[in-house]
Participant: 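Would you mind keeping the following structure in view while I ask a few things?
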Amino acid sequence: EGVSACLITKTDTNPFFVKMKEGAEAKATELGMTLKAYAGKIDGDHESQVAAIEACVADGAKGILLTASDTKAIVDAVKSARDAGVLVIALDTPLDPIDAADATFATDNFQAGLLIGQWAKSAMGDAAATAKIALLDLSIAQPSVDVMRDQGFLQGFGVDLADANKWGDETDPRIVGNEVTSGNEEGGLKAMEALLAKDPEINVVYTINEPSAAGAYEALKAIGREKDVLIVSVDGGCPGVADVKDGVIGATSQQYPLQMAALGVEAIAKFAADGTKPAPTEGKDFFDTGVALITDKPVDGVESIDTTKGAELCWG
Amino acid sequence: MASDAKGATSFEEGLKGASEKVAEFHEDKSALKRLQSWLHQTPSAVPMIVLVVAIVIFGLLSENFFKATTLSTILQQIAIVGILGCAQSVVVLTAGIDLSVGAIAVFSSVLMGQMSFRYGIPAPAAIGIGLVLGTAMGAINGYLVAKIKLPPFIVTLGTWQILLASNFIYSANETIRSSDIQEQAPALQFWGGSIQPGGVKILYAVFLMIALVAIMSYVLRQTAWGRHVYAVGDDAESAELAGVQTKKILIQVYALAGFFCAIAGWVMIGRFGSVSPTASTGQLGNIQSITAVVIGGISLFGGRGSIVGMFFGALIVGVFEMGLRLVGTDPQWTFFLIGVLIIFAVAVDQWIRKAAA
Amino acid sequence: MASDAKGATSFEEGLKGASEKVAEFHEDKSALKRLQSWLHQTPSAVPMIVLVVAIVIFGLLSENFFKATTLSTILQQIAIVGILGCAQSVVVLTAGIDLSVGAIAVFSSVLMGQMSFRYGIPAPAAIGIGLVLGTAMGAINGYLVAKIKLPPFIVTLGTWQILLASNFIYSANETIRSSDIQEQAPALQFWGGSIQPGGVKILYAVFLMIALVAIMSYVLRQTAWGRHVYAVGDDAESAELAGVQTKKILIQVYALAGFFCAIAGWVMIGRFGSVSPTASTGQLGNIQSITAVVIGGISLFGGRGSIVGMFFGALIVGVFEMGLRLVGTDPQWTFFLIGVLIIFAVAVDQWIRKAAA
Amino acid sequence: MTQEPILKGRGLVKRYGKVTALDHCDFDLYPGEILAVIGDNGAGKSSLIKALSGAVVPDEGEITLEGQKINFTSPIDARAAGIECVYQTLAMSPALSIADNMFMGRELRKPGIMGSLFRKLDKPAMEKFARAKLNELGLMTIQNINQAVETLSGGQRQGVAVARAAAFGSKVVILDEPTAALGVKESRRVLELIRDVRSRGIPIILISHNMPHVFEVADRIHIHRLGKRLCVIKPSDYTMSDAVAFMTGAKLPEGVTEAA
Amino acid sequence: MTQEPILKGRGLVKRYGKVTALDHCDFDLYPGEILAVIGDNGAGKSSLIKALSGAVVPDEGEITLEGQKINFTSPIDARAAGIECVYQTLAMSPALSIADNMFMGRELRKPGIMGSLFRKLDKPAMEKFARAKLNELGLMTIQNINQAVETLSGGQRQGVAVARAAAFGSKVVILDEPTAALGVKESRRVLELIRDVRSRGIPIILISHNMPHVFEVADRIHIHRLGKRLCVIKPSDYTMSDAVAFMTGAKLPEGVTEAA
Ligand SMILES: Nc1ncnc2c1ncn2[C@@H]1O[C@H](COP(=O)(O)OP(=O)(O)OP(=O)(O)O)[C@@H](O)[C@H]1O
Ligand SMILES: Nc1ncnc2c1ncn2[C@@H]1O[C@H](COP(=O)(O)OP(=O)(O)OP(=O)(O)O)[C@@H](O)[C@H]1O
Ligand SMILES: [Mg+2]
Ligand SMILES: [Mg+2]
C-alpha cells in the first residue's frame, strides 16, 4: 500500500495553486503515492485549512503540504498534526514562526515585489520621481502574500512603507490609490476604472497577479492609454509571460510552484521511507525555490531573464 | 316553502330604493399632496429620488464625479449586475431567490469561450450554445423548485456550488486571453463595443441592460404572464386556486433567469475582454444582484416591487461605490462606508414612502 | 323590539337538544401509520433520518470514517457553525435573516483579543466586553429592523460590510498568536479544552453547542417569549393585533443573535488557538449558518421549524464535508458533490414529509 | 329525479394527520339545480367541495362528472372541465388589483398586433368589466378600481370573488359561504345572481349558514354532519327548524340512524 | 343618557391614498350597553373600530376613554387600557396551535420555580382552558386541540378568536362581524356570550350584517354610511326595514340631511 499525502492550498481556483496541485499529483503518481488535495474556499480562509488538516490526520496521511492562508493562525493545527506524527511542509508561504513547520519550500514574496519595484523605477528613470502609481491588491483582508508583494514593490520603487505589515497606510503623494481585485480580470478591470476616474494620469500600475494585470490593461485600452502606462505583476504563469511578451505587462516576477510541489512530495516520500526531514537552503531558514524577473526590457542593476526563457520555465 | 322563511328576510324590504350613489370624497389638490399621491402610485420613483440626491452630493464632494466619463464608467460597471438583477428580479417576484445567477453567468461565458477555442465552433454558434445551456441551468433550478417543491434558497445554493465547481473543472482554471479572442472570435466581445458621442464612451452593454429592463418592465406589467408572476409570488396557493399554472410559471421564470444570466456571461466577455473562470461575479453576483433588487424596493417575500426599481437600486450601489472611491482613499474605509450608505439609502427610501402614504 | 325580529330567528328552535357529542373517528394503529404520524408531529426527526443514512453510507465508503476520532472531529468542526446556527435560527424564525453573524463573531473575537493584548485588560473582563459589544452589534441590527422598519436582508448586509471593515481596520489585520494567548490570557482559549474519554478528544466547545441548542429549544417551545418569536415570524401584523410587542421581540431576537455570535467568536479563539481577523467565518459564516438552518427545515418565511432541526442540518453538512474529504475527492469535486448532496438531502427530507403527511 | 347526477361523489375520505375531515361521504348534484350544503362548523363542507374541485385530492372514493370518472389533481383541471369555484378563503392575490384578480388566468388582450404579438393586456376593458360586475352586486363603495385587493374591506373582497365565479359561468358553479361577509343589500344581489346563473342552466352548489337564504333559493339541501352526508331534503318538505335540528344532531331524519 | 360615554370619538378621519375610509366620523359608547354598528360593505365600520382600538392611527380627530384623551399607537396600548378586540381578519398566527393563539401575550406559567425562574408555560392548563371555552361556544367538532389554526375550518377559526376576546373580558369588548363564518348553533352561543359579557358590566361594540341578531341584542344601533355616522337609533323605535333603508341610503332618518 502506497504512502498517503495531503496538499492543502489557499484556494483551488487561482491557476497558481491549480498548477501546484498538478505538479504534486504528477510527482506522487511517479513515486506511487496517493495524494489528496484540499483548499480554502476563499482567499484568506484558514478555517477550511484547519478542517483539512484534521481530515488528513483522521485519514492517516504521512505528510501534509500546506500553503497557509493565515501564517500565524494555522500554527496550532499544524502543531497537533505534527504531534500526531505527520510531516508538515509549508509551501510557497512560510509559517510564522517559520519553524512551526518541519520544513519550508517557498518563494520570497517580498523579494518578488521588490524586483518589479526596482525594475519599474529604473525603467521610468527620472519620471519615477513624479510617477502616478495605482496599486491593485488582492483583498481587504490583506493576507500576507498581498501585503508582502505590495510592500516589496513599494520598497523597490522607493516609497516609504510606513507599517510594512499593512498596505494602504503609505502617505507618498505619488500613490493615487489602492483598490482590491480578488486577483482576477474582472476585479482588475473594475479597480483600474475606479482609479482612472480618480486620476486619469496614472502611469505605473502594480498588480497582485497577472490576471488582474490583464484586467487593468483592458481598462487602459478602453481609454487608449495602454501604450503609455507601465504595468508590473507577480506570478510568471504562461499566460502572464505571454502578456509580457505582447507588451501588456512590462515585467513580472516568476515563481515555481511545480518545483515546490514536486520537492514537497519527494520529501514526504523520503520521510515515510526512513524518517529523514528535508534541510533548508544554506544561510536561510527555508528552502528557497527562487524567483526571477521576466521582462524583455532589462534595466541596469536588476537581474532579469527574457520571455523566451520565461516561457520555458512557466507553469501553466 | 317552509313557513318561517318569509318573516326571516322580510326586513329586506328596506332595500327598496337603496341609493346607487358611489361614494365620492373631496380630493386634496395641493402640490405636496399630489407629489405624495404620485409617489404612492409610482413606488419605483422613490429609489430614483435617493439616486438623484446621492449624485448631487457626490458631485459636490468630488470634482471628478460630475464628468461624463465618470458617469459612463458607472453605467458600464453596473451593466452586468443590472442584467443579473433582471434575472434576480423575476425570481424574487415569485417569492424565490436565485443564488446561482453569478455561477450561471460565469459558466456560460466559459462555455461560450471553450466552445469556440477548444472545439473550434464558430463564435456565433458557440454563443448560441452558451445561451441555451445557461437557460437549461436555470430550467433545472425551476424544475427542482416547482416540481420537487424544494426551497429555492437550497436549490440554488446547491446549483451555485455545482455550477461553480463544474466551471472550474471544465475550464481547468484556464483563462482565454483577450488578444486571442479578438483575433479568432471577435463576436464574443460584441458587447464591449461602444459608441462615443462627444468622446464619451458608452458600451453596447449599457444599452443592452437598459433594453432588458425596459422589456421586462413591459412584460411584467402589461402581459398576462407578468401578472401571473406577481400572483405566484403574492400567494402561490391562491394563485393556483384562481387558475394560474404556478408550476409552469415557476419553471419559466427560472429558465428565463438562466437565459439572462447567460446573456450576462456573454456581456462579461465583451466587458473584460477575456474569458476567466475565476471572475468574482461567480462568487459575488448573487449578493450584488439581490442587493440591487432589495434596494430597488422589491420585496424578498415576493409579489411586490418593480424591475425599474431594481435598475435604480443597481445604479445607487454603482454611484456609491464610485463616489466613495473618488472621495476616499483606503478600500477598507470605502467598504465600511458602502455598508453605511446602503442602509442609509434604504432608510431614506422607507422614510419617503411613509411620508407619501 | 321590532315586529319582524321574532320570525327571523325562530328556526333556531331546531337547536333544542342539539347533540353535544364530539366527533370521534377510528384511528389507524398500524406501525407504519404510527411512524408517519410521529414524523408528522416531530418534523425535526426528518433531517435526523437523512443524517443517519448519510453516516452509514460514508461508513461503507471509507474505513476511516467510522472511528470515534473522526466522529468527534466532525462535531468539533461544526461547533462554530452550530452556534452561529442558533443565532441564525431565532432570526429566521421571525422571518428575518442575519447576514452579519460571521462578521459579528470574528469582530467579537478580535475585540476580546485586542482588549487583553492591546489594552492589557484581564482576559475574563475582555471576554465580557466582547460579549457585550457583540450583543450591542446585534441590537443595532434589531433596532434598524424593528424601529426603522428596514428589510433585515439590507440591514444585515450593511452591518456585515461595516463590521468586517471595522474588524480589519481595528485589528490592523494582525493575528494574535496562539502561544502568546496561552501564556498571557488562557481564558480566551477556554473552549478549546477537551475531555478525553477513552482517548477520544471532545472539545468543551462541542458541549457548549449542544447545551445552547438544548436551551434554545426549551426557550422556543416552552416559554411565552419563544411562542412570541414564532408568532412574529408567522404573521407580524396579526401578532401585533393579538397583543405581542413585535418590536421589542425583534430587537431582543437580534440582540440575542449578536450575543450568540460573540460566544461563537470566543469559541473560535479556543478552536483555532489564535485570534485572526481574516477568519473565513467572517465571509462565509452567514451562508454556512443559513444552510444549516434551511436544511434543518426552518422556513425562511418565518414561523416554522425547530432549532433541533438546525443542529441536524449543521451535522449533515459536517458529515458530508468530512466524508467527502476522507473519500478523497478533489476539492472542486467535493464542492460539486456537496452541492448535489445538499439538494439531495432536502429532497429526501421533503419526500419523507410528504409520505408522512 | 330520474336524471343522472351531473357531479357525483361516492365514499370520499380525506384525512389530515389525526383529523378526519371527510368520512366516506357521498354527494350528488343534478343538472340545473341549486343544491345547498349545510352543516355545523367543521363538519367538512369545505373539504367536500375542495375534493370536488380538485383543490385537495381525496384519500379514497371516486368522483364522476357527467358519468365520467375524473381525477383532478389541481383546480386548473377542474376549471378546464368547467367547474368554477369560490373558496371560503377567496383565493385572491392580495397585492394585485381588483381587475387583475378577476381576470386571473383568463386575461383579455388588446385587439390587433399589440395583443397577438406583444401580448399586451387590455387593461381599460378589464377594468370596465370589473366595475360593471361589482356594480351589479351593489358594491358601489369601491372608490378606486385599481386598489389592491388587500386594501378592500372584508365584504368588498368577497364580492370580487363571487363576481369572478359568476361572470365566468361554466358547467358547475360552487360557492362556499359567498355572503358571509356581505351586507344586506349585497347579499340580496348575490342571491339574485345565483338564480340568474341557474336560469342559464348551470347547476350551483351553495354552502351557507344562513338558513333563510338557503330555504329561499335551494332546490335541495344536502345536510352534512361529522364528515358525511346525513340526508338530503327538499325545502318544501321540512321547516328550517327541522333542518337545523338535523344538522346539529338534535333530531334524526326518518330512515337514518347515526353511526356510533 | 345623562351618563358620559365611556368611549368617544369626534371628527375621526382616515385616508388611504385616494380612498377616504373615515370622513369626520363621530362615535359614542355608553357604559354597560351593547352598541351595534351596521352599514354597507366598505362603509368604514372596520376602519372605525381599528381607529378606536389603536390598530390604525387616525389622520384627524380625537378619541377619549372615560373622559381622558387617548393616543393609541398600537393595539397593545388599547389592550393595556382595557379594550379587547376581535378583528375581522381575526389576527391569528396560522402556524401556532389553538391554545397558543388564545393565550398570545398573556400566557400561563407553571406554578413554582419552573414557572417563575424557568418561565415554563403551563401547556396542559392552557389547553384545558381553551377546550372549555370552545365547548362553551359549541365548537365540538375540533378534534385535536393541538391543531395549528391554519388547519381549522373557517368557522372554527372565528370561534377561537371570539372565545379569546370574551374570555379575557376587560373595559370594552369590540367584535367585528363575530358570527360571519359561524353556523346556526355557534352563532346563537356567541349571542349568549355577548349578553353574558354585558351582564358583567362590560360594554360591547358589535359590528354585524345580521339584522335579526342586531335587533335582538343591541341596546342602540349606530348606522354608518359613507365613512360617517349617519344616525343612532334604538331597536325599539324602528323596524329592521327602516334600519336597512337608512344604511343603504333608501331613506333618510328624520332630522338628518345627507351631505352632497
Ligand atoms: N389542512 C388541514 N389540516 C388538518 N385539519 C384540517 C385541515 N383542513 C381542514 N381540517 C379539519 O377538517 C375538518 C373539516 O373542515 P372544513 O373546513 O371542511 O369544515 P367546514 O364544514 O367547511 O366548516 P365551516 O363551516 O366552519 O367552514 C375540521 O375539523 C378542520 O379542523
Ligand atoms: N389599507 C387600505 N388601503 C386602502 N384602502 C383601504 C384600506 N383599508 C380599507 N380601505 C378602504 O376603506 C373603505 C372602508 O373599509 P372598511 O374595511 O372600514 O369597511 P367596512 O365597513 O368594515 O366593510 P365590510 O362590511 O365589508 O367589512 C373601503 O372602501 C376600503 O376599500
Ligand atoms: Mg368551510
Ligand atoms: Mg369590515
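This one's a predicted model, so the numbers in the text were calculated from it and none came from an experiment. Quick note on labels: first sequence line is chain A, next is B, and so on, each numbered from 1.
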Participant: Less than 4.5 Å to any heavy atom of chain B: does that hold for the side chain of A:Asp137, its backbone, both, or neither?
Facilitator: neither
Participant: State, with a plain yes or no, whether a side-chain heavy atom of A:Lys41 is found less than 4.5 Å away from one of B:Gln161.
Facilitator: no
Participant: Where does A:Asp169 contact chain B at under 4.5 Å (heavy atoms): side chain, backbone, both or neither?
Facilitator: neither
Participant: Locate the shortest heavy-atom distance separating A:Lys190 from B:Gln77; write the atom from each residue and the value.
Facilitator: O-NE2, 3.3 Å
Participant: Could you measure the distance from the CG atom of A:Leu196 to the CG atom of B:Asn64? Nearest 0.5 Å is fine.
Facilitator: 11.0 Å
Participant: Atom CZ of residue position B:Phe344 - does it have more than 12 heavy atoms of other residues, nucleotides or ligands inside 6.0 Å?
Facilitator: no
Participant: A:Asn14 side chain to B:Thr278 main-chain N or O, any donor-acceptor pair under 3.5 Å?
Facilitator: no
Participant: Using modelled atom types only, decide if a donor and an acceptor are shared between the side chain of B:Asn173 and the backbone of A:Thr13 within a distance under 3.5 Å.
Facilitator: yes
Participant: Rounded to the nearest 0.5 Å, what's the gap from OH on A:Tyr217 to OG on B:Ser179? Could you check?
Facilitator: 8.5 Å
Participant: Against chain B, label A:Ala222 side chain, backbone, both or neither, depending on which of its atoms sit under 4.5 Å from a heavy atom there.
Facilitator: both
Participant: So which atom in B:Pro331 and which in A:Val180 form the shortest heavy-atom distance, rounded to 0.1 Å?
Facilitator: CB-CG1, 4.4 Å
Participant: What distance separates A:Ile140 CD1 from B:Phe336 CZ, expressed to the nearest 0.5 Å?
Facilitator: 11.5 Å
Participant: Supply the atom-to-atom distance A:Glu186 CD to B:Arg271 CZ, rounded to the nearest 0.5 angstrom.
Facilitator: 8.0 Å
Participant: When you look at CD of B:Gln196, are more than 12 heavy atoms from neighbouring residues, nucleotides or ligands closer to it than 6.0 Å?
Facilitator: yes
Participant: Considering only heavy atoms, which portion of B:Gln76 lies under 4.5 Å from any heavy atom of chain A: side chain, backbone, both, or neither?
Facilitator: side chain
Participant: Less than 4.5 Å to any heavy atom of chain B: does that hold for the side chain of A:Glu22, its backbone, both, or neither?
Facilitator: neither
Participant: Can you tell me how far apart CD (A:Glu193) and OG1 (B:Thr70) are? Round to the nearest 0.5 Å.
Facilitator: 11.0 Å
Participant: Got more than 12 heavy atoms from elsewhere within 6.0 Å of NZ, B:Lys201?
Facilitator: yes
Participant: Chain B heavy atoms under 4.5 Å from A:Ala242: which part of the residue, side chain, backbone, both or neither?
Facilitator: both
Participant: What part of A:Ser182 gets closer than 4.5 Å to chain B, counting heavy atoms only: side chain, backbone, both or neither?
Facilitator: side chain
Participant: At a 4.5 Å cut-off on heavy atoms, which part of A:Ala197 comes close to chain B: side chain, backbone, both, or neither?
Facilitator: both
Participant: Is there a salt bridge (charged side-chain N to carboxylate O under 4.0 Å, His left out) between A:Glu210 and B:Arg177 once you walk through the steps?
Facilitator: CA-CA 11 Å; A:Glu210 286 142 6; B:Arg177 294 169 67 231; over 6 Å; no
Participant: Which pair of non-hydrogen atoms, one from A:Thr181 and one from B:Ser280, has the smallest distance, and what is that distance?
Facilitator: O-OG, 4.4 Å
Participant: Check step by step if side-chain contact (heavy atoms from CB on, under 4.5 Å) holds for B:Arg325 and A:Lys198.
Facilitator: CA-CA 8 Å; B:Arg325 285 189 174 127; A:Lys198 208 164 169 183; 5.6 Å; no
Participant: Taking atom types as modelled, is there a side-chain donor on A:Glu185 or B:Ser276 under 3.5 Å from an acceptor on the other?
Facilitator: yes
Participant: Is chain A contacted by the side chain of B:Phe335, its backbone, both, or neither, given a heavy-atom distance below 4.5 Å?
Facilitator: side chain
Participant: Indicate the atoms forming the closest heavy-atom contact of A:Lys221 with B:Ser178, along with that distance.
Facilitator: NZ-OG, 4.1 Å
